[in-house]
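Treat the numbers as computed from the prediction; the structure is a model and nothing was measured. Counting from 1, the numbers follow the sequence of the chain as shown.
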Amino acid sequence: MAFVRVGQFKALPERVEALRSIYETEAIPAIRAAPGNISAVLLQQHQARDSFMAITIWGTAEDAERYDQSGQAAAMVDKIRFAFAGPPSLATYDAFGIPG
């Protein structure tokens with residue numbers, strides 16, 4: 001069973017492009033390089049272009065926690081914080097059916 005973290009946030013309309021660019025070129029490669037990471041994606045909603053979901057999939061909850069404790073997660077959030085229209089939310093899930 002994999003472990004999934006889902007961050008949701010809204011961006012300031014004038015900073016959507018910058019946020020997306022930074023996340024795609026810096027955050028995703030760094031997250032995918034972390035031990036235990038299976039996948040990392042950023043979703044932008046079609047109906048509300050300022051709404052995003054950042055989804056990371058980990059082999060175990062411990063893998064995600066280790067990444068979090070390394071300080072890398074906070075550093076990535078700090079890189080895009082300038083674009084947030086409000087505070088992000090974070091939820092975690094157990095994932096079934098993901099090939100290991």
Heavy-atom closest pair (I31 atom, A40 atom, distance to 0.1 Å) is CG2-CB, 3.6 Å
*asked:* Would a single hydrophobic cluster contain both L19 and V77, if residues Ile, Leu, Val, Met, Phe, Trp and Tyr are joined by side-chain heavy-atom contacts under 4.5 Å?
replied: yes
Within the 4.5 Å heavy-atom criterion, are R15 and D50 side-chain neighbours or not?
no
Distance-only criterion, 3.5 Å: show the donor-acceptor pairs between side-chain atoms of residues 79-88 and protein atoms not counting sequence neighbours.
{"residue": "K79", "atom": "NZ", "partner": "E26", "partner atom": "OE1", "Å": "2.4"}
{"residue": "R81", "atom": "NE", "partner": "D78", "partner atom": "OD1", "Å": "3.3"}
{"residue": "R81", "atom": "NH2", "partner": "D78", "partner atom": "OD1", "Å": "3.1"}

Closest heavy-atom pair, V16 versus R49, reported as atoms and distance to 0.1 Å, is CG1-O, 3.9 Å
- Item | Min side-chain heavy-atom separation T60-F3 under 4.5 Å | no
**Prompt:** Can you check whether I57 reaches I98 side chain to side chain, under 4.5 Å on heavy atoms?
**Reply:** yes
Review point. Going by distance alone, is a donor N or O of one side chain under 3.5 Å from an acceptor N or O of the other, for W58 and T56?
Key: yes
Tell me if a side-chain donor or acceptor on Q8 pairs with a main-chain N or O of M53 at a distance below 3.5 Å. no
Check: Given side chains that start at C-beta, do those of P35 and N37 come closer than 4.5 Å, heavy atoms only?
Finding: no
Correct closest heavy-atom pair for A95 and V4 would be CB-CG2, 3.5 Å
Exercise for review: Report yes if some heavy atom in the side chain of V41 is under 4.5 Å from a heavy atom in the side chain of Y23; otherwise report no.
Suggested key: no
Given 3.5 Å as the limit, does a donor-acceptor pair link the side chain of S70 with the main chain of Y67, or not?
yes
Closest heavy-atom pair, A27 versus M76, reported as atoms and distance to 0.1 Å, is CA-SD, 3.5 Å
Under the 3.5 angstrom rule, does the side chain of S21 hit a backbone N or O of E17 as a donor-acceptor pair? no
Item checked: Side-chain heavy atoms of F52 within contact of K10, under 4.5 Å -> no
inquiry  = Any heavy-atom pair between the side chains of Y93 and V6 that's under 4.5 Å?
reply    = yes
Between R20 and L42, is there a side-chain heavy-atom distance shorter than 4.5 Å? yes
